[in-house]
Amino acid sequence: MTIQKANSSDHEILTQITKKSKAFWGYSEDLLLVWNDALTITQEYINTHQVFSFKVDDKIVGYYSYILEAEDNIKLDNLFLLPQFIGKGFGSLLLADFLKRIQNQNHKRIYLESEPYAEGFYKKHGFQTIGKLETAIQGRFMPVMEIIK
């Protein structure tokens, strides 16, 4: 198992992982099509943000990305795994790698907009829900979560 900086050429596999992971939660194909742009990882995204791929047996099975938004804010923008790797501790491994990677950076706040089904996962790792962000689906909200350093 390795976690390393993603290459821009990884954009298609990262997009597939994102879409398959989202589908794991039971969202319809129609809804996934509505979200297509938001679920697509481009080469430009990889070149302009911090994106780290997770490989098992030399195959990318997950990734995370973060954005340095301001001097003191870091946003965990993505953390996705292929469905067969969900619930087996690999998400915790990726989150731990992210937190270790940014520990020496000058920031006061780490935040994210969570998939509603993943809110408990982030709470388990010390994030607190500070608000809700309404989505394109009426009555569906994404928890906004943070850790203050």
Side-chain angles (χ1 to χ4, degrees), residues 1-6 10-11 13-28 30-42 44-56 60-149:
M1 292 186 292
T2 59
I3 300 172
Q4 63 190 37
K5 187 95 168 102
D10 297 333
H11 70 100
I13 185 68
L14 299 184
T15 296
Q16 289 173 13
I17 290 168
T18 305
K19 291 178 179 180
K20 288 177 181 180
S21 183
K22 215 50 165 167
F24 173 82
W25 299 110
Y27 296 113
S28 70
D30 289 342
L31 193 50
L32 293 172
L33 284 173
V34 169
W35 292 339
N36 188 62
D37 289 346
L39 300 177
T40 298
I41 304 301
T42 64
E44 180 182 351
Y45 181 89
I46 294 171
N47 289 333
T48 57
H49 297 86
Q50 300 297 313
V51 183
F52 293 86
S53 62
F54 174 52
K55 291 183 178 181
V56 174
I60 299 175
V61 300
Y63 77 100
Y64 70 85
S65 66
Y66 65 93
I67 300 171
L68 305 170
E69 289 194 330
E71 225 175 82
D72 57 355
N73 280 331
I74 296 177
K75 178 182 181 185
L76 178 60
D77 199 35
N78 293 294
L79 193 157
F80 288 103
L81 290 161
L82 287 172
Q84 62 267 35
F85 291 89
I86 294 174
K88 297 183 177 171
F90 295 113
S92 296
L93 180 75
L94 287 175
L95 188 58
D97 186 81
F98 160 68
L99 294 171
K100 182 178 179 185
R101 195 171 300 276
I102 65 166
Q103 73 183 357
N104 294 325
Q105 295 185 20
N106 184 27
H107 66 279
K108 294 179 184 170
R109 177 178 180 246
I110 304 164
Y111 81 100
L112 57 91
E113 296 162 358
S114 174
E115 160 63 45
Y117 295 109
E119 184 176 14
F121 166 79
Y122 290 110
K123 282 184 176 181
K124 182 175 89 172
H125 291 284
F127 283 82
Q128 296 179 339
T129 303
I130 59 167
K132 302 276 183 184
L133 180 66
E134 190 166 8
T135 69
I137 303 171
Q138 188 175 3
R140 180 180 180 269
F141 296 86
M142 291 176 59
V144 178
M145 306 180 80
E146 73 175 5
I147 291 180
I148 305 287
K149 187 174 179 181

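Note that the structure is predicted; figures quoted are calculated from it, not measured.
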[atom1]/[X] to [atom2]/[Y] distance, rounded to the nearest 0.5 angstrom?
X	Y	atom1	atom2	value
Asn104	Ile102	CG	CD1	10.0 Å
Phe52	Leu94	CZ	CG	11.5 Å
Asp10	Ile60	CG	CD1	3.5 Å
Glu44	His49	CD	NE2	8.5 Å
Ile67	Leu112	CD1	CG	11.5 Å
Ser114	Leu133	OG	CG	11.5 Å

Donor-acceptor pairs under 3.5 Å, side chain of residues 14-26 to any protein atom, not counting sequence neighbours: which ones?
residue: Thr15; atom: OG1; partner: His11; partner atom: O; Å: 2.9
residue: Thr15; atom: OG1; partner: Ile41; partner atom: N; Å: 2.8
residue: Thr15; atom: OG1; partner: Ile41; partner atom: O; Å: 3.1
residue: Thr18; atom: OG1; partner: Leu14; partner atom: O; Å: 2.8
residue: Thr18; atom: OG1; partner: Tyr63; partner atom: OH; Å: 2.5
residue: Lys19; atom: NZ; partner: Asn36; partner atom: OD1; Å: 2.5
residue: Ser21; atom: OG; partner: Leu81; partner atom: O; Å: 3.3
residue: Lys22; atom: NZ; partner: Glu115; partner atom: OE1; Å: 2.5

How close do Glu113 and Met142 get, counting heavy atoms only, and between which atoms?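 Closest approach of Glu113 to Met142: O-CE, 3.5 Å.
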
State, to 0.1 Å, how close Leu76 and Ser65 come at their nearest heavy-atom pair, and which atoms those are. CD1-O, 3.4 Å

Side-chain contact test, heavy atoms from C-beta onward, threshold under 4.5 Å: evaluate it for [X] versus [Y] and give yes or no.
X	Y	result
Lys132	Pro143	yes
Tyr45	Asp77	yes
Tyr122	Leu79	yes

Step through the shown structure and confirm whether more than 12 heavy atoms of other residues, nucleotides or ligands are within 6.0 Å of NZ on Lys5. yes

So does Gln128 have more than 12 non-hydrogen atoms from other groups sitting under 6.0 Å from CD?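 Counting neighbours around CD of Gln128, 12 or fewer heavy atoms of other residues, nucleotides or ligands fall under 6.0 Å, so no.
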
Step by step, work out the side chain to side chain contact (heavy atoms under 4.5 Å, CB included) result for Ile130 and Arg109. CA-CA 12 Å; Ile130 59 167; Arg109 177 178 180 246; 3.6 Å; yes

Name all residues meeting the salt bridge (Lys or Arg N to Asp or Glu O under 4.0 Å) criterion together with Lys123; count only those two or more places apart in sequence or in a different chain, and write none if there are none.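 Residues passing salt bridge (Lys or Arg N to Asp or Glu O under 4.0 Å) with Lys123: Glu119.
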
Taking only residues at least two apart or on different chains, which pairs with a member in residues 80-99 satisfy side chain to side chain donor-acceptor pair (under 3.5 Å)?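 Pairs touching residues 80-99 that pass the test: Tyr64-Asp97, Ser92-His125, Asp97-Arg101.
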
Please work out whether the ring planes of Trp35 and Tyr27 are parallel, tilted or perpendicular, with thresholds of 30° and 60°. perpendicular

